[in-house]
Amino acid sequence: MTPEKNNKTIDTILLIIFVAFLLGINIFLFSGKYLHFDTQGVGIVVAAFLTLAMYSFLYKDNPLFKIAEHIFVGIGMGMGVVLTWLQVIKPLLYKPLIRHAIFDNTPGTPDYILIVPMILGIFMFARLYGKTSWLSRWSFAFIVGGGAGIGIPVIINSLILKQLEPSLQPIFVDWVVTWQSINILLILVGTISVLIYFFFSLPHKGTIGGISRIGIWFLMISFGATFGYTVMGRMSLIIQRIQFLLTDWLHIIK
Amino acid sequence: MNCHYARSGLITLIIVLLAFPLAVLAQDKPSLMPPQDFIAFDTPNDDGKSISLIWKASESDREGVYYIIYAATSSKGPWKEQYRVLSTTRFKSDAPQYFGLSKDNEKWHFYEVTDINENPLSITTPTYFKLAVTDGTNTIAFPGIALSMPQGNWFDTSKINVLVFVIVFSFLVMYFISLARKNLNLFIRHIPGLDAIEETIGRATEMGRPILYLNGLLDMSSLSTIASTSILGKVARKVANYDSQIKVPCYDPIVMSVCQEVVKESYLEAGRPDAFKEDNIFFITNDQFAYAAAVDGIIVRHKPAANLYMGYYYAESLLIAETGAVSGAMQIAGTDSITQLPFFITTCDYTLMGEELYAASAYLSREPLQLGSLKGQDFGKGFIILMLVVGTIVSTIGYPFFVNLVRTF
Amino acid sequence: MIKRQIPLVIAFIVGVMFIIQFFVPHKVSQDALTYVNQWSIIIGGISILLGIYSLIHFHFISIRRGRPGWGFSVVLFGCFGLAVLVGFLPSIVLWFKPVQQGAEPGVWLGFIPLKPGVEEGSPLFWLFLNLISPFMATMFSLIGFFIASAAFRAFRARSIEATLLLIAAVIIMLGQIPLGQMIWQGIPDIMMDWILKVPNTAAKRAITFGITLGSIAFSLRIIFGIERAYLGGGKD
């Protein structure tokens with residue numbers, strides 16, 4: 001038997017053991033009245049199965065993970081359709097515009113200006129019919145142009161100016177040097193060196209190379225800080241999932 | 001006699017001692033003064049929904065003293081009390097977005113009226129106001145009526161600093177673009193992550209495996225996504241030249257459409273329209289983690305030789321990039337998502353940080369106009385460095401000029 | 001001309017209009033922004049049909065051609081159909097059996113609550129609570145495992161940069177747990193605090209300035225039609 005085939009056999013055995021384990025545990029939980037056979041009980045079992053199926057990816061890609069993945073994409077997309085209808089199309093387009101065209105007795109006046117986004121939306125489907133595909137570019141241009149235009153002043157206001165304000169602190173007050181003075185100076189040096197690292201028209205050689213290297217050090221310390229900060233948050237998420245499995249599903253912890 | 005003097009002296013001393021604190025107290029509490037210079041006017045820098053009332057702060061302002069604002073829709077009344085303002089609160093200096101940062105603003109009270117009797121203010125007829133001051137026992141009215149009508153303003157003066165920055169940066173970028181038009185030889189340093197793209201595609205071709213390209217999780221109106229689709233165009237062209245395959249699973253249907261158009265055009269430009277497969281650019285789902293799971297699935301099943309992650313990402317970045325790293329693919333990321341940069345740096349071979357994402361399409365296209373804009377961008381950075389240095393020196397000397405200049409409201 | 005130039009003109013007009021809009025507080029300008037935001041949402045909403053088309057097309061071909069794993073495409077179709085059905089079912093049932101104004105819609109077939117949408121207690125909410133929500137939580141927690149393996153990889157990279165990253169990460173990690181305090185109170189109070197307030201602030205500020213300038217230059221390239229790759233290709 002080749003190692004690949006051997007692996008496959010081991011995987012199949014593992015899969016069968018896992019499914020049998022799940023079945024057995026759940027039969028025990030339902031028969032022992034730890035879980036009730038209602039929407040809540042079934043919900044917990046489904047959630048537990050999906051949790052374990054997703055975790056099985058840590059071992060390797062396997063049919064359980066594939067099933068879970070496809071369930072999520074399917075359900076997620078289906079929910080997306082329902083929500084798009086209920087929260088976007090129905091209140092923003094159907095009710096104020098289309099309903100008037102279908103039902104004569106609808107009160108109020110139709111909001112005709114909504115024809116513009118409707119047409120721009122429909123233009124995107126022009127891509128599906130070769131010859132008219134250029135029409136879709138009108139919609140793209142509207143979205144992209146809008147994004148570009150809205151962005152410029154907003155980011156200057158909320159990013160450049162808002163970041164500059166705290167960057168212009170006095171290094172010392174009344175000529176007294178404190179730790180705070182050193183920190184302010186370090187922040188200034190750090191900010192400038194990172195900015196110099198990002199210069200595109202200066203080669204990273206000589207003095208510029210040296211300053212850029214200091215900039216990289218600042219960047220790396222900052223990235224490390226973000227990394228360290230995130231680790232702890234994610235660990236607590238693992239603990240929450242394990243708690244769900246042990247408490248809500250298996251009732252091992254009360 | 002002596003005794004009489006002594007007694008009267010003692011009584012005088014007691015009176016003085018008693019009167020002194022009373023006098024101090026009386027000095028602390030000057031008698032109520034009538035309100036002065038009560039004016040109503042349209043609130044500046046707003047959309048035309050409010051009227052501003054201002055009046056001079058007085059020496060008799062203290063805890064327990066209130067200003068009462070009356071309003072009416074006619075000069076003859078009926079007048080109704082609308083608001084009670086504690087005299088130690090509400091100054092023009094509280095609203096720098098309307099009145100700027102003048103020191104004088106601390107000497108004026110300010111009240112912004114948006115409704116009368118819970119009805120919005122009329123924009124066709126004036127609203128009338130009266131003002132009085134009270135300490136609970138005495139009430140003194142301002143001898144006159146103030147009136148005004150709200151109207152929408154066409155320029156927000158509080159954003160003038162933003163306008164200046166927009167003009168400065170736009171000028172810098174446009175100036176260098178115009179210089180580039182005159183064929184100025186522009187030096188642009190190497191960006192290793194972008195130089196590696198060619199090698200990556202070559203490697204994928206040799207291995208006979210596809211290249212995976214992601215656009216991030218934002219929609220088409222986001223600049224990082226637009227930048228990503230632009231890079232995709234350049235990458236797809238190289239892929240077409242190498243006769244390799246590129247897979248683009250998308251998070252947003254509009255982004256998918258744009259990507260299909262971009263890649264198709266790249267294949268056309270490369271003279272290989274027949275090799276273009278629209279099905280390789282497909283939509284997965286607009287659910288963050290379902291998308292991540294599906295992309296992980298693609299990575300482990302199709303085993304792309306190279307993964308390119310360009311655009312804006314959230315927590316899913318590590319789920320995807322780590323799976324890619326374990327799969328042994330060569331990985332290049334580019335993002336302006338500061339919180340996700342550390343994860344790309346630890347999992348990818350090359351990472352384009354922040355603005356390098358925006359520079360990438362210019363760098364890859366090598367078009368002088370695009371490169372010119374990078375030069376302009378650099379001068380923008382030079383301008384900021386100058387502001388940081390000069391601004392810090394000036395505020396250290398004791399002048400808050402630069403801090404006020406960049407203040408936003 | 002109409003195919004290439006008009007989109008560029010649209011992008012230019014819309015772009016310039018919204019730069020100006022930022023500085024105009026007048027109601028006309030605020031309404032225009034609200035309208036365009038709403039329009040973008042509508043266009044996005046309509047575009048979901050494109051997404052569905054792509055998804056169905058992709059998986060339908062998988063099934064028809066019997067690609068490896070086509071069975072999973074069947075699962076996906078089933079779940080997609082189930083979610084759509086469950087989402088619209090209450091509205092459909094209520095359409096045929098309307099309840100009186102103000103009355104509780106009740107339960108259908110003994111276990112399906114007739115609450116539409118994703119409000120609490122609706123069938124779609126059940127799907128969200130028991131399928132989507134645990135899935136999201138599990139995927140999110142998977143990052144915990146992945147972050148450990150990413151850190152391990154970073155450990156092996158022997159350079160000053162990687163070392164700085166790791167030292168900072170370890171200090172911040174220790175600073176957040178009781179062990180850090182037990183080793184030395186200064187870890188959370190001095191070291192972590194300094195890293196977050198000084199080098200971290202400096203680097204983030206500089207990256208933000210850079211991103212901002214990059215995005216301004218990029219936006220200008222779009223508005224002035226220099227950057228036109230998003231329209232599919234560069235030249236006319």
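What you see is a predicted model; the values in this text were computed from it and never measured. Numbered from 1 within each chain, the chains take letters A, B, ... in sequence-line order.
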Between [X] and [Y], what is the shortest heavy-atom contact and its length?
X: C/Phe145; Y: A/Leu58; answer: CD1-CD1, 3.5 Å
X: A/Gly78; Y: C/Phe80; answer: N-CD1, 3.4 Å
X: A/Met79; Y: C/Ala83; answer: N-CB, 3.9 Å
X: A/Leu50; Y: C/Asn130; answer: CD1-O, 4.1 Å
X: C/Ile46; Y: A/Ile122; answer: CG2-N, 4.4 Å
X: A/Met235; Y: C/Gly144; answer: CE-O, 3.4 Å

Please flag which part of [X] lies under 4.5 Å from any non-hydrogen atom of chain C: side chain, backbone, both or neither.
X: A/Ile89; value: side chain
X: A/Asp38; value: neither
X: A/Trp85; value: side chain
X: A/Leu164; value: both
X: A/Ser136; value: neither
X: A/Asp111; value: side chain
X: A/Thr51; value: both
X: A/Ile119; value: neither

Other residues, nucleotides, ligands: >12 heavy atoms within 6.0 Å of A/Tyr229 OH: no
Enclosure of A/Tyr59 OH (heavy-atom neighbours >12, cutoff 6.0 Å): yes
Side chain A/Arg137, main chain C/Pro7, donor-acceptor under 3.5 Å: no
Test item: A/Arg213 and C/Glu161 side chains (from C-beta on) under 4.5 Å apart, heavy atoms: yes
Could you list the donor-acceptor pairs under 3.5 angstrom formed by side chains in residues 184-199 of chain A, with sequence neighbours left out?
| residue | atom | partner | partner atom | Å |
| --- | --- | --- | --- | --- |
| A/Thr191 | OG1 | A/Ile187 | O | 2.6 |
| A/Ser193 | OG | A/Val189 | O | 2.9 |
| A/Ser193 | OG | A/Gly190 | O | 3.0 |

Residues which pass side-chain hydrogen bond (donor to acceptor under 3.5 Å, both in side chains) with A/His70, listed by chain and number, not counting sequence neighbours: none
Heavy-atom cut-off 4.5 Å, strictly under: side chain, backbone, both or neither for [X] against chain A?
X: C/Leu127; answer: side chain
X: C/Tyr35; answer: side chain
X: C/Leu220; answer: both

Ring centers of A/Phe72, C/Phe135 separated by less than 6.0 Å: yes
